[in-house]
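Read the numbers this way: they start at 1 and go in the same order the structure lists the ligands and their atoms.
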Amino acid sequence: MIATPVLVINSGSSSLKCSLFDMVTGHEALSGLAERLNTADAELSWRTGGKKHKLPLHGEGHASALAAINQVLDKLPDLNGAPVAIGHRVVHGGEAFAESVVITDDVIRGIEHCASLAPLHNPANLLGIQVMQRLYPSVPQVAVFDTAFHQTLAEEAYLYALPIHLYRDHSVRRYGFHGTSHQYVAREAVDRLKLDPDDHAIVTAHLGNGCSAAAVRNGQSVDTTMGMTPLEGLVMGTRSGDVDPGLHEFLAEQQGWSIQEITQMLNRNSGLLGLSNLSNDMRTLTEAAGDGNSDAQRAIDVFCFRLARQIGALATTLGRLDALVFTGGIGENAAGIRADVLNRLSLFGFDCDPDRNAAPNTADGRITRDSGTPACVIPTREEWMIAHDAHRLTRN
Ligand code: ADP
């Protein structure tokens, strides 16, 4: 029987993830994924007790997916009644939310207000919240924001050099994302590498389909690579990361593209996919590059060059570098990418140990030799962090 069950919902624009945790043991009793929502192929798949299940959703959307998850939970033998709390991932908290909060009507209005900054994400997050409030009216719900951890950035780090009224009147500034992941792996790194909790300077690199890096000083984010939207910064699976803002005018004039078409190209057809003309998936690219595919190698080279350059910039913000943490699907699994990036950063004292890098030790995750600056691999646990906050804020 699950003693203290907490449910986590990550309601995205076309997919929805859920996880049910036992907060006493940390065990994930159920994980589910609804994909291709609102299309003919919409489907819910979930895993519980080592078994996989699937259910077609017949073109339905978020509400049906959540109702189906509700029925799966009702039949779960280890769950006696409803979860004690529900945690929701919310992408954009603007300046209104510097930490996780119990959801009230005011919080819902605050998330709605931030929707102009994340028009694809926040409405989908809100939909998840509202459906779960209807399905579980007596269960407290908590919002955990991707941006919250970076609210400690100083003005000089978050302002763009634009007319200041754009910040004052329209909230145009850098916010940063993946905050839950950066915070988790930075804390773990302090613990595992035995750094001083009150005096440390760490760069964390979250490299998944979306990629961002952060500078963390004494547990607080002081700089990060993503900006007002998740498009800024590193090269990602399909996102370009930094480009010259003059590109928009050039493409509008030369190609006749609209702002929407350019934005779509920068978000969906760029990054690893655009450069390689092959795939947005790093595993596919490393395999292809290994077979001599120069297009795949080019994409990897640009990815590593930009990542190393940005890590160097973040280290400058920190003034020193005590450790570098790799996380996310690429950071946790792509040993060749880690070795390449560390090699480019030898100036900071990294000395990659090929054996450790090939199979990072699960205790401290260290992949560098004992002398020099440590770099380590720490698997991220965003869902667990959301469950943890939901439980922390709602237990009496
Ligand atoms: P998301 O941001 O969607 O959560 P993930 O964190 O799962 O994504 O990261 C997905 C990325 O991780 C993909 O580019 C995938 O190819 C890459 N990846 C996963 N396993 C490996 C591997 N063994 N080698 C190289 N890349 C990998």
Asks: Distance only, no hydrogens: is a donor on one side chain within 3.5 Å (strictly under) of an acceptor on the other, for Q310 and T225?
Replies: no
Asks: State, without any angle test, whether Q297 and D301 hold a side-chain donor-acceptor pair at a distance under 3.5 Å.
Replies: yes
Asks: Between ligand 1 and K17, is the shortest N or O to N or O distance under 3.5 Å?
Replies: no
Asks: Give the residue, atom name and distance (to 0.1 Å) of the protein heavy atom nearest atom 2 (O) of ligand 1.
Replies: N209 N, 2.9 Å
Asks: Which residue holds the protein heavy atom closest to atom 11 (C) of ligand 1, what is that atom called, and what is the gap in Å?
Replies: I330 CG1, 3.8 Å
Asks: Looking only at heavy atoms, what is the nearest atom pair of V142 and L393, with distance?
Replies: CG1-CD1, 3.9 Å
Asks: Could you tell me whether some N/O pair between G329 and ligand 1 is separated by less than 3.5 angstrom?
Replies: yes
Asks: Provide, to 0.1 Å, the distance between atom 14 (O) of ligand 1 and the closest protein heavy atom, together with that atom's residue and name.
Replies: M282 N, 3.0 Å
Asks: Is any N or O atom of L207, backbone or side chain, closer than 3.5 Å to an N or O atom of ligand 1?
Replies: no
Asks: Can you pull out the closest protein heavy atom to atom 23 (N) of ligand 1? Residue, atom name and distance to 0.1 Å, please.
Replies: N333 CB, 3.4 Å
Asks: Below 3.5 angstrom, do we get any N/O pair linking R283 and ligand 1?
Replies: yes
Asks: Could you check whether R173 makes a cation-pi contact with Y167, meaning its NZ or CZ is under 6.0 Å from the centre of the six-membered ring and within 45° of the ring axis?
Replies: no
Asks: Under 3.5 Å between any N/O of G328 and any N/O of ligand 1: does that happen in this structure?
Replies: no
Asks: With no hydrogens and no angle check, do the side chains of H178 and S212 hold a donor and an acceptor under 3.5 Å apart?
Replies: yes
Asks: Does either side chain, that of H92 or that of T147, offer a donor lying less than 3.5 Å from an acceptor on the other one?
Replies: no
Asks: Which of the listed options, D281, T327, L285, holds the heavy atom that is closest to atom 15 (C) of ligand 1?
Replies: D281
Asks: Within a 6.0 Å radius of atom CZ on R47, are there more than 12 heavy atoms belonging to other residues, nucleotides or ligands?
Replies: no
